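Here's the structure, in structure tokens; my notes come after.
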Amino acid sequence: MNPRSPRRITCNLKVIRYLRSDSQVNRIYAIFEQSFSVTRPTCEPMSTTERQALASPRFAIGESDFLLDGQPLQIRCGEIHAPRVPREYWRHRLKLCRAMGLNTVCAYLFWNLHEPTPGHFDWSGQADAATFCRIAQEEGLWVLLRPGPYACAEWEMGGLPWWLLKDPDVRLRTTDPRFLDPAKRYLIEVGRVLAPLQVTRGGPILMVQVENEYGFLGKDAQYMGAIRQALIDAGFDVPMFACNPVQHLKDGYRADLFPVVNFGSDPAGAFKALREILPRGPLMCGEFYPGWFDTWGSPHHTGNEERYLGDLESMLKAGASFSIYMAHGGTTFGLWSGADRPFKPDTSSYDYDAPISEAGWTTPKFDRTRALFAQHLQPGEHIPEPPERNPTTSFAPVKASECAALFDHQPDATRDERPRTMEAYDQGFGCILYRTTLPPGPAATLQAEAVHDFGFVFVDGERVGVMDRRGRRFRVKLPARKQPAQLDILVEAMGRVNFGQEVHDRKGLHGPVRLGTDDGATELKGWEVFRIPLDAPMLARLRYDHPCHGPAVWRCAVHLDRPADTFLDMRGWGKGVAWVNGRCLGRFWNIGPTQTMYAPGPWLKQGANEFLVLDLMGPTRPVIAGLEQPILNELHPELDVALARRPQVVLSLERAYPVFVGQFEQGSKSQEIRFDRVARGRYFCIESLSSHDGKAFAAIAELDLIGQDGNALSRNDWTIAYVDSEERTREDGSAENAIDGQIASFWHTQWGDAQPNHPHRLVLDLGRTCSVAAFRYVPRQGPADVPGRIKDFRVYMGDDLIRG
Ligand code: GLA
């Protein structure tokens, strides 16, 4: 039974009484009284279960299945994000989802997109979620809605609005009223717009998710309860669910939230863990990963297709429901891409190696998924043909001849004794310029507390260095000066981290800023601060003239006879943001892996198209060309501003004694290793001596350090101090994957161009001396024979393991 089919109307007025305000109830009574004889009951609130049971007779959670009109429904769902798909293509993509064999789509709402400033809501254009749901219904798809307030999703701050960070002490995703009150206000608004689209009101929305993978962050079931209640108060009466990865299913668990489990492999193991908290009821995987997201500077991710299809088949056969994350990734247009922790900014392309590619093309993975689903349809169910692929076009390189230097277009400055972060100047996105005067003096070192995210440092207009959050490098050498000199620190904010505590990601300069010489360090005071929000009003103020020097916006006009989808070749440019005809297409960066930007046909015009390119580093070739194919996997580490991804250091274990020597068990389970006595140090080194498969490789999915109080240490200031080997060409085996909070990503020693043998060493820089009583090791996930599972190992801790 698909959502398009009309149905007989029966209803319980008591329900209506519960859901609406008095004025609306009277209006509804009036309607019913016209056609029915109605007695107005005395009104006492219903219990949750009673209301849910009553509210959605069409859809319910049965003893073993989801039930639609009393019939078992296996939810074959796929994730798709409306803001990541050009609105003009929503129907095309939803038709593709249907043609892949899905009967449901799952969609996040991103709070920060819908409430750009406090109390001002936007449901227009790419933010028109209601229209997206209606089109889904028209295309025969049900909807699982994930309104947040937190989403994650490699989206700026995980969907949370930056303006919450204006309060220096707000505690996000907690019952802190400075977070909860605006969150409730937002959810009420979501109810106003989307509650009418619930299956209980003839719409496609079957279930609503409360929060997102909260177990990764905390265990406070009260907080989850508050968000659930806010959604009920907002008018949602369909069943509510909560998703978590296997290792956090019990964290924040509530009996009144239907649990689903997220995983990328081993469905049997995951569902076994789910049964521990859900003895009865349908089994559902809330996120099943066919691929993964990309971050700048790391290889493009592609999923293991055989395993993906094998696991899907086993879930289909088991009668389990699932949601493919992502069925269609699309593009994170604008400045909405987030960053993985500790700080790995996400690419704008969100192709995700999904069955439906970034530009909406079917792929072999799509065809094989479709063929698989065709073998598991309900009686009478059929899968329509996929719609035509949208046309593409290419155009020859066009030179950008005009540009506007950022430094020449400064709005009025704000004067401040000490630099503060962007939010303090009421700015959410873009760049911010901090200017002060350097006294005459010898060569010196400029040191900031922290820079989120890149600080381009100029002395009298000449770039002298870059501060780089990835390696927590916040020092730059300054030349000697005979007379006072102008110091400019142009800070580029990339996406706010979308995961963990790190979502408290204030952008800009974190003062104080000191000038260090041999005689000591002095704080630089008295700054001018210039906001550069990269928004339409700012772009409109730019005056273009001939080629210019330094950070600048370049402009070029491209004539198109036949506008169609194309991929902008950005390989002549450095690092920045691009727009076409006023639409922001996203970020680019020549280190890759993405080297093209998807430019949707409907956003291009017949005739002249205006392209703007902000380049913070300066182009090698200021040309724009249109390609027929995307380039998603071309890395250029040699072009990286930070020539070395990590400071060149020496690991010295000679005089160190291991704080633990042991052996990990085989398997994918997380293992906690307790030291005989508390260890102390700034550096934590794990050394693999062998692996369970006897091969040369070591891999780690996640590492957590446990303090004396039994809690995991905060990872806020952690970086990778040293790693002997990591695979970075054939796949993203970066060491940072061991501390990014995602068990689907992992550190893996080199296996492509070389295969160095054990011992392998990975050293965490905790940022300061810490006391560690134990650590938790999450092996690489996947089948039993997956390479890299460490067997014998040693652990060292100390303040002097690293030199240089
Ligand atoms: C998690 C989140 C998703 C997304 C994926 C990774 O499971 O719930 O929003 O971030 O990881 O793509």
Side-chain angles (χ1 to χ4, degrees), residues 77-84 105-113 144-160 173 208-218 224 227 241-249 251-252 259-266 270 274 284-295 298 300-303 308 322-332 336-341 344-355 358 495-500 502-503 505 701-702 732 736-737 740-746 778 781:
C77 183
E79 185 96 8
I80 176 170
H81 301 152
R84 283 179 157 138
V105 287
C106 189
Y108 279 127
L109 296 182
F110 301 121
W111 179 7
N112 50 17
L113 179 73
L144 301 185
L145 185 69
R146 313 213 275 177
Y150 167 77
C152 192
E154 292 66 61
W155 187 269
E156 151 77 20
M157 206 168 151
L160 300 174
R173 301 180 70 196
V208 172
Q209 179 178 288
V210 171
E211 244 274 356
N212 189 77
E213 292 196 325
Y214 173 67
F216 262 129
L217 186 83
M224 287 295 279
I227 301 296
F241 68 103
C243 75
N244 266 309
V246 174
Q247 74 275 25
H248 289 297
L249 279 170
D251 299 335
V260 302
V261 59
N262 296 351
F263 56 82
S265 60
D266 186 17
L274 181 59
M284 175 141 188
C285 168
E287 292 180 12
F288 177 62
Y289 312 107
W292 198 244
F293 59 89
D294 289 343
T295 55
S298 295
H300 171 56
H301 284 88
T302 52
Y308 154 77
F322 51 81
S323 181
I324 298 168
Y325 189 105
M326 299 292 291
H328 173 50
T331 313
T332 313
W336 291 114
S337 52
D340 203 13
R341 72 173 184 190
K344 292 169 27 177
D346 302 316
T347 58
S348 289
S349 167
Y350 202 58
D351 179 88
Y352 216 94
D353 196 32
E358 176 172 9
R496 288 183 175 81
V497 174
N498 52 267
F499 188 81
E502 289 85 343
V503 291
D505 185 359
E702 278 305 298
D732 175 12
E736 279 79 6
N737 292 342
D740 67 357
Q742 305 268 8
I743 60 169
S745 68
F746 50 89
V778 181
Q781 300 298 294

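Quick caveat, the model's predicted, so the values are computed rather than measured. Counting begins at 1 with the first residue of the sequence. Ligands are counted one by one from 1 in listed order, and the atoms in each one are counted from 1 as well.
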Handout entry: Expected output: side-chain Gln209 to main-chain Ala242 donor-acceptor under 3.5 Å
Key = no
Handout entry: Heavy-atom donor-acceptor pair, Asp351 side chain to Glu358 backbone, under 3.5 Å
Key = yes
Practice task
Pick one of side chain, backbone, both or neither for how Cys243 approaches ligand 1, counting any non-hydrogen atom pair under 4.0 Å.
Solution key: neither
Completion exercise
Honestly, for Asn498 the part within reach of ligand 1 (heavy atoms, under 4.0 Å) is neither
Contacting atoms of ligand 1, where contact means under 4.0 angstrom from a heavy atom of [X]:
| X | answer |
| --- | --- |
| Trp292 | 6 (C) |
| Ala153 | 3 (C), 4 (C), 9 (O), 10 (O) |
| Asn212 | 2 (C), 8 (O) |
| Phe293 | 6 (C), 12 (O) |
| Ala151 | 9 (O) |

Exercise for the section: Identify which of His301, Glu213, Arg146 has a heavy atom lying nearest to atom 1 (C) of ligand 1. Expected result: Glu213
Exercise for the section: Could you label the plane-to-plane angle of the Trp155 and Trp336 rings as parallel, tilted or perpendicular, counting under 30° as parallel and over 60° as perpendicular? Expected result: parallel
Practice task
Please work out whether the ring planes of Tyr108 and Tyr325 are parallel, tilted or perpendicular, with thresholds of 30° and 60°.
Solution key: perpendicular
Exercise for the section: Would you please determine whether Tyr289 falls within less than 4.0 Å of ligand 1 on a heavy-atom basis? Expected result: yes
Handout entry: Test item, Tyr352 contacting ligand 1 (heavy atom, 4.0 angstrom)
Key = yes
Answer whether the closest heavy-atom distance between the side chains of [X] and [Y] falls below 4.5 Å.
| X | Y | value |
| --- | --- | --- |
| Thr347 | Ser337 | no |
| Pro245 | Phe216 | yes |
| Tyr214 | Arg173 | yes |
| Met284 | Ser323 | yes |
| Tyr352 | Glu154 | yes |

Distance from [atom] to nearest protein heavy atom, with residue and atom:
| atom | result |
| --- | --- |
| atom 8 (O) of ligand 1 | Glu287 OE2, 2.7 Å |
| atom 10 (O) of ligand 1 | Glu154 OE2, 2.8 Å |
| atom 11 (O) of ligand 1 | Gln742 OE1, 3.6 Å |

